[in-house]
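Bear in mind the structure is a predicted one, so any value in this text is a computation, not a measurement. When a ligand or atom number is given, it counts from 1 through the structure's own listing order.
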Amino acid sequence: MSKITIPNIGDQTKAVHAGEFPDPVTGASSPNLVMSTTFIADADTGFSVEGLDDEENWVYTRWGNPTVHQLEVKLAVLEEAETAVAFASGMGAITALLFHLLKAGDHAVVSDVAYAALSEITNEMIPELGVEITKVNTSDIESIRAAIKPNTKLVYVETPCNPLLRLTDIAAVAEVVHAAGAQLAVDSTFATPAATKPLQLGADYVIHSLTKYLGGHGDALGGVILGTKKDLSPLRKKTAIRLGGVISPFNAWLILRGLATFPIRMRVHQENALKVAAYLEQHPKVKRVIYPSLPSHPQYELARRQMKNFSGIITFQVENGKEVAKVLAEKLQIIHYAVSLGHHRSLIFYLHSADLRETSFKFATQAQADSWDEFAGEGIFRLSIGLEDYNDLIADLEQALGD
Ligand SMILES: *Cc1c(COP(=O)(O)O)cnc(C)c1O
């Protein structure tokens, strides 16, 4: 891509070409997969990562690898970020960020509903290290303002949040966070850069689980943190390289390949999801559908303002969700009853509110519990709409749900 001088190239061209270059030895047009863990070094190469510069200078694959580097460059271009650090999974990226930024005696404000593993480590493991965590509904800017203290280092939000699809106004939160001298991290896995570019709205860090839309095919775990070189160069040395949760070059290569079709896939995810959401909204057994591009979404106005693509995740509620889950798991023929999301294959999973509030989400106030109830009731089906023909997805739901 370094040779492209045509100005203002589009996102699909970037997705195909950014970070890639023909192999200088063989002329191979597709990126090579470099699995080597070590590289022939100059005699003056230092043995500690402290001496590592940021340039392409391969020593040891945990420090840096040409295939992983190509992935990081492509992701940074798509997210309009200065730089990116890839990890073995989304949770690998999240824990690296928390370990890097928070020390005993610090305080962080975290979304009260976010990816379950993040919610769980911030309920117990991170506080046990002496870091104080306050959980708030980040859709409510006043509760963020009220939670910030002099020792607040980080505010962590997820929008749309998993699993509720509740939204947070990134620009408004960034203003409050920066006025307090703290930093803002946004998990943008559900939105993807096709919808929202949090760094342009004032966030300091963007996190993605590459396992979801960016990889897109359900065959490789990965994660990434994007931001400025000033913030991420020390993070790479301290927490990626030393803690060691780096991505395998093979996974990086698979995700790089998935990314080539990313903008095209997101258009189809959105188009399919809107058709299926409209079908579900009129189904007699369906009590409530949540999808950010439906006027019935409680934050429709914010969705329109902040999201350029509405992605492919829908939630819906029915009577006796647990029973219906058994029926769907047995009867669905195209849609897989499975966790995860953002794949070319459609996936559905039932999330029971009482169970999740036992294991993952603890609410300190009645307002927080009420917001959960507003979005999730007794439980929701999280439906990740894939790239199949939407008529077939509707037909599959129709035959499985019955009338
Ligand atoms: C899946 C997911 C993660 C965790 O990613 P892994 O790659 O599974 O570790 C983090 N945040 C969100 C919003 C997710 O959906």
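At least one N or O atom of Met91, backbone or side chain, sits closer than 3.5 Å to an N or O atom of ligand 1. Where the criterion is an N or O separation shorter than 3.5 Å, residue side chain and backbone included, Thr211 meets it with respect to ligand 1.
Ile385 has its side chain out of reach of Ile313: every pair of non-hydrogen atoms, C-beta onward, lies at least 4.5 Å apart. Contact of the Gln12 side chain with the Ile264 side chain is registered, since non-hydrogen atoms from C-beta on lie closer than 4.5 Å. No side-chain heavy atom of Ile394 sits under 4.5 Å from any side-chain heavy atom of Leu280.
Closest protein heavy atom to atom 5 (O) of ligand 1: Ser209 OG, 3.0 Å. Among protein heavy atoms, the minimum distance from atom 6 (P) of ligand 1 is reached at Gly90 N, 3.3 Å. Given atom 8 (O) of ligand 1, the protein heavy atom at minimum distance is Tyr115 OH, 3.8 Å.
Each of the atoms 13 (C) of ligand 1 lies under 4.0 Å from some heavy atom of Glu158. Per-residue contacts place Asp187 under 4.0 angstrom from the following atoms of ligand 1 (heavy atoms of the residue considered): 10 (C), 11 (N), 12 (C), 13 (C). Shown in contact with Ser89 at under 4.0 Å from a heavy atom are these atoms of ligand 1, numbered in order with element: 7 (O), 9 (O). For ligand 1 and Gly222, the ligand atoms under 4.0 Å from any heavy atom of the residue are 7 (O).
No hydrogens or angles considered: a donor-acceptor pair under 3.5 Å links the side chains of Gln368 and Asp112. Using modelled atom types and a 3.5 Å distance limit, the side chains of Glu398 and Tyr279 yield a donor-acceptor pair. Donor-acceptor pairing under 3.5 Å is lacking for the side chains of Lys275 and Asn391. Of the N and O atoms on the side chains of Glu388 and His344, not one donor lies less than 3.5 Å from an acceptor on the other residue.
The ring of Tyr337 has its center closer than 6.0 angstrom to the ring center of Phe349.
Of the candidates Arg382, Lys212, His208, it is Lys212 that places a heavy atom closest to atom 15 (O) of ligand 1.
Not a single heavy atom of Gly92 lies less than 4.0 angstrom from ligand 1.
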